[in-house]
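Since the model is a prediction, treat every value here as computed from it, not as a measurement. All heavy atoms count here, side chains included; hydrogens, waters and symmetry mates do not.
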Amino acid sequence: MSENNNRIPGQPGEDQLPAQNTPAEQSPEEILAQVNLDEMGFPSDLIDNLLSDLESDAVPATPEAAEKQEEQVTVPAEPTGPEETEAEPLSAAPEQPAADLEEILDQPIQPEEAAAEDDAAEQTAVDALAEEAPVGPEEENGAAKENADEPAGEPSEGVPAEQTEETVAEAAEPAEESEIPPIPEKALAVSDAGADPTAGMTLIERAQYHARMRRREQTRLRRENARREAAGIEVPYQPMSIMDIRFTLIRLAIAAAFLVLGLVLSSTPAAFPLYLIAYLITVLPVAAKVARNCTHGKFFDEYMLILIASFGAFLLRNYPEASVVLILHGVGTIISDLVLNSTHKSVSQQTATVPEKASVVNMQGEERQVAPADIRIGDFILVRSGEYVPIDGIVLRGEGTVDDVTLTGDAESLQVEKNIRILAGSLYTGSLLLMHATAKFEDCALNQVARVQEEGKERKAALEKSAVHGAAKFIPIIVVLAILLAVIPPLFNSSTSMANWIYRALTILVVCCPTALAISVPLCFLCGNGRLSQKGIHAKGSEAIEKLAELRMAVFDKTGTLTEGAPHVKEIHATKDFNQESILALAAAAEQLSPHPVARAVVAAYQGKPQKISEFEEFPGRGVRARIGNRNLLAGNRRLMVSRGVKGVPDIRGTVVYVAYEGDYAGAIVMEDTIRPEAADAIKGLKGLGVLRTVILTGDTESPAQQTADAIGIDTVHFGLQPEEKASKMEFLMRTIPTDGTAAYVGDGINDLEELRMADVGVAMGSAGIRQTADAANVIILSNDLTRLSDAVRISHRTHGIAMQDMIFILLVKLVLVLLTVFGVTFMWQAVAADVLVTVLAVLNAARIMGAK
């Protein structure tokens with residue numbers, strides 16, 4: 001085989017390979033990806049009956065049916081001990097068939113077991129019934145918890161050992177209909193209905209309770225943020241609460257009332273006490289904030305500058321202005337926070353949701369509720385209409401649609417079909433869905449995206465660093481310049497008093513507050529990241545966005561990225577000793593353990609069941625060797641045939657799987673892959689956004705690689721590369737091709753992790769292997785749509801451009817205000833009002849990114 005050289009050795013079965021020929025181990029996700037669900041041994045009648053019974057029993061039709069369902073509760077077993085008598089659980093009788101489940105449930109509980117129930121358990125059961133929960137917490141801990149620690153299909157106390165062995169063996173050999181235990185008429189549905197802490201409260205009591213909980217949460221967040229600041233850790237944005245806003249407005253209103261009263265009585269001795277009261281009401285919270293920041297090592301910030309300026313104005317006897325500056329600063333803080341909070345909400349309004357509990361069902365039709373984190377690979381999950389998918393998995397049965405816009409950005413719902421993959425956090429609508437878990441909860445795409453976003457908080461763009469850290473470092477310089485402005489000019493200009501120059505210096509401190517700059521630029525990148533997420537593009541911090549905005553070279557993997565990644569047999573060439581069917585049979589037998597896309601396509605094209613092999617060896621980038629009985633078999637590209645001394649191998653153009661039997665050439669299978677329909681438009685869009693060079697790195701031969709490049713407009717093709725040669729070629733391209741920007745590598749992340757790490761911007765397409773790509777790539781696009789790449793570059797351009805606009809606008813306004821202040825034109829309160837206005841305008845400008853196409 002010649003396409004995509006990075007072939008990972010497959011994991012052979014124990015019955016097919018000797019111990020000495022065992023290749024490298026694979027992860028459980030990779031092994032499950034190779035399983036043909038049609039051969040797992042699940043009879044269609046069983047699954048159909050399972051779904052129909054569970055769907056009909058999901059919601060009781062009448063109150064009487066609901067009451068009857070509540071009565072059918074599994075009684076948990078008490079812990080065994082040497083000195084106590086244990087009441088056997090209802091499912092503990094191995095001879096009892098599943099069909100007699102209702103008769104067992106109707107049996108009365110033994111007196112010893114009933115006596116063991118305490119008052120707390122009885123009250124919990126009453127509360128659970130009041131909430132219409134079929135099973136209480138104690139019963140769930142006793143009955144369902146035992147099953148929660150066991151994978152689906154393992155022996156339980158209520159299933160005979162022989163029956164369990166037959167269930168486990170179904171993956172290898174389909175079981176007879178008679179060997180499958182009958183499905184109970186009523187599936188044991190266990191729901192998790194937590195007690196409502198506000199149950200029984202009046203409307204006013206409930207409101208007071210929620211207000212008290214919010215105050216506790218706010219106090220906890222403040223303390224946590226204080227600890228983070230003390231440790232030098234960046235504190236996440238925390239909006240002002242409604243209570244804080246109301247308290248601040250009341251305080252400022254009282255201060256304004258005293259200030260107005262002082263202005264009215266300005267000619268009387270009572271004016272100064274009124275001014276002092278107004279000033280103290282406004283300055284004390286600012287002074288407390290400054291003192292708290294100083295204890296955490298933050299000596300120069302906006303609060304320090306405002307405090308110095310207002311205190312200086314008060315000492316200069318500008319009493320009204322000292323209070324006005326603080327009142328305007330407080331009002332401006334509230335306005336800026338409201339606008340900022342609204343922008344943050346618009347960024348994070350779309351979040352994927354995972355249910356607290358998932359419905360896991362076994363082969364006997366028994367359903368149990370577990371947390372998504374407790375789901376194991378191979379478990380069977382039931383999803384009902386209107387529920388969120390709890391785990392990544394493969395659909396076995398179900399008809400409906402899946403809305404995964406929060407993850408993939410696809411506006412159109414995905415039609416559910418057998419064997420398609422759906423992601424955790426997607427909203428399902430349709431008939432009862434049965435799926436097969438293919439990943440652990442911590443490895444599912446949703447959690448990997450969350451991990452990428454969390455790691456991205458530490459990866460800041462250079463522009464963001466300069467706006468935040470540079471402005472903070474510039475404050476001490478501003479303070480020194482203000483002192484010089486207050487001292488030096490009076491020595492050379494006797495017409496202006498020193499008090500006037502001191503006032504101008506204090507005004508400059510207010511003008512140079514870095515609030516607008518420190519808020520607007522990071523907010524631009526936050527909005528850009530949020531807009532990318534809405535498109536299903538998940539960037540690892542503002543650093544990745546900045547590099548995407550500077551993209552000048554894009555390097556692509558071919559199979560699975562520019563093409564569909566699902567090759568199919570185009571034609572078969574056979575020699576006189578073999579026919580086409582025998583060539584395909586030999587190739588399928590040799591390739592059956594290989595995870596390579598071409599190998600899987602060959603196996604899929606063969607209609608029968610491949611012969612068992614006794615040996616298997618894979619040669620990455622070339623092909624495989626297998627042994628059927630005592631006959632050697634080779635299947636791979638022309639380089640493998642030449643290296644093994646096979647004679648008479650023709651040179652066929654395209655992606656070709658050559659087959660050799662006992663060292664003699666037997667035939668060849670020509671494969672064909674389909675170019676993605678949107679690939680040409682995506683490449684054209686990238687070039688329109690400033691990408692100067694596009695390159696393909698592939699292990700394919702020259703002919704199919706060049707055909708793909710010509711069809712979609714790729715500039716350069718490097719073909720016939722071994723896996724290790726791709727990484728070295730990528731390094732060579734980054735060193736030798738001169739560009740004034742960055743280089744990106746775009747691949748599916750399965751066989752090109754090294755290239756993803758090496759590039760300035762590693763872009764992983766699709767959700768396959770996301771656990772590895774989340775570490776290696778800078779950008780993850782869960783959809784395979786190549787136009788998302790041009791969307792990512794376009795949004796990054798817009799984000800970086802608006803961030804530059806905000807920075808330049810703020811700096812120009814402040815420069816003008818500084819010049820006006822030096823010449824005595826600007827007053828201190830005007831500088832504060834201008835700073836508030838500039839901050840609001842910059843935040844509103846950043847919010848425009850959310851509307852980027």
Does the side chain of [X] reach to within under 4.5 Å of the side chain of [Y], using non-hydrogen atoms?
X	Y	answer
I669	V656	no
E591	V657	yes
I652	Y658	yes
K558	D700	yes
V361	L434	yes
R376	K440	no
P620	H596	no
F380	H436	yes

- [ ] Mind running side chain to side chain contact (heavy atoms under 4.5 Å, CB included) on L586 and L584 for me, showing each step along the way?
- [x] CA-CA 6 Å; L586 291 174; L584 186 59; over 6 Å; no
If we ignore angles and hydrogens, is there a donor and acceptor under 3.5 Å between the side chains of [X] and [Y]?
X	Y	value
Q369	S359	yes
T401	Q415	no
S431	E399	no
D410	T408	yes
S767	R421	yes

TODO: Evaluate the ring planes of Y661 and F578, with Trp represented by its six-membered ring, and classify them as parallel (under 30°), tilted (30 to 60°) or perpendicular (over 60°).
DONE: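 Aromatic pair Y661/F578 classed perpendicular.
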Rounded distance [0.5 Å steps], [atom1] in [X] versus [atom2] in [Y]:
X	Y	atom1	atom2	answer
R622	L634	CZ	CG	10.5 Å
I714	T708	CD1	OG1	9.5 Å
D748	N784	CG	CG	8.5 Å
E455	K540	CD	NZ	5.0 Å
L786	I683	CG	CD1	7.0 Å
T773	L782	OG1	CG	8.5 Å

[X] to [Y] - nearest heavy-atom pair and separation:
X	Y	value
G386	L427	O-CD1, 3.6 Å
A588	Y606	CB-CB, 3.7 Å
A590	V624	O-CG2, 3.5 Å
S426	D404	OG-CB, 3.2 Å
V598	M671	CG1-CG, 4.0 Å
L532	A792	CD2-CA, 3.7 Å

TODO: Check D752, T561, L562, V779 against V746 for a side chain to side chain contact (heavy atoms under 4.5 Å, CB included) and give me the one that passes.
DONE: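 Single pass found, and it is T561.
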Between [X] (side chain only) and [Y] (backbone N and O only), is there a donor and an acceptor less than 3.5 Å apart?
X	Y	answer
S385	T429	no
D403	V405	yes
R771	E442	no
H568	D673	no
R451	A774	no
N637	L640	yes

Task: Heavy-atom neighbours of E581 CD exceed 12 at 6.0 Å - done: no
TODO: Please assess E617 against R625 for the test salt bridge (Lys or Arg N to Asp or Glu O under 4.0 Å), listing each intermediate value before the final yes or no.
DONE: CA-CA 5 Å; E617 184 179 6; R625 181 190 67 83; 3.1 Å; yes
Task: Worked verdict on D374 versus F441 for side chain to side chain contact (heavy atoms under 4.5 Å, CB included) - done: CA-CA 8 Å; D374 296 331; F441 181 70; over 6 Å; no
Open item on the list: For I381 and I391: C-alpha separation, side-chain torsions, deciding distance, then whether side chain to side chain contact (heavy atoms under 4.5 Å, CB included) applies.
Closed with: CA-CA 9 Å; I381 313 299; I391 200 74; 4.2 Å; yes
TODO: Report the C-alpha separation of V395 and L433 in whole Å, then their side-chain angles, then the decisive distance to 0.1 Å, and conclude whether the side chain to side chain contact (heavy atoms under 4.5 Å, CB included) test is met.
DONE: CA-CA 7 Å; V395 173; L433 174 70; 3.6 Å; yes
- [ ] Could you check T787 against D785 for side chain to side chain donor-acceptor pair (under 3.5 Å), going step by step and ending with a plain yes or no?
- [x] CA-CA 6 Å; T787 58; D785 187 355; 2.8 Å; yes
Task: salt bridge (Lys or Arg N to Asp or Glu O under 4.0 Å) evaluation trace for D775 with R757 - done: CA-CA 8 Å; D775 295 324; R757 292 190 183 96; 5.9 Å; no
Open item on the list: Please determine whether a side-chain nitrogen of the Lys or Arg among R384 and E367 lies less than 4.0 Å from a carboxylate oxygen of the Asp or Glu.
Closed with: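 Result for this pair is yes, salt bridge flagged.
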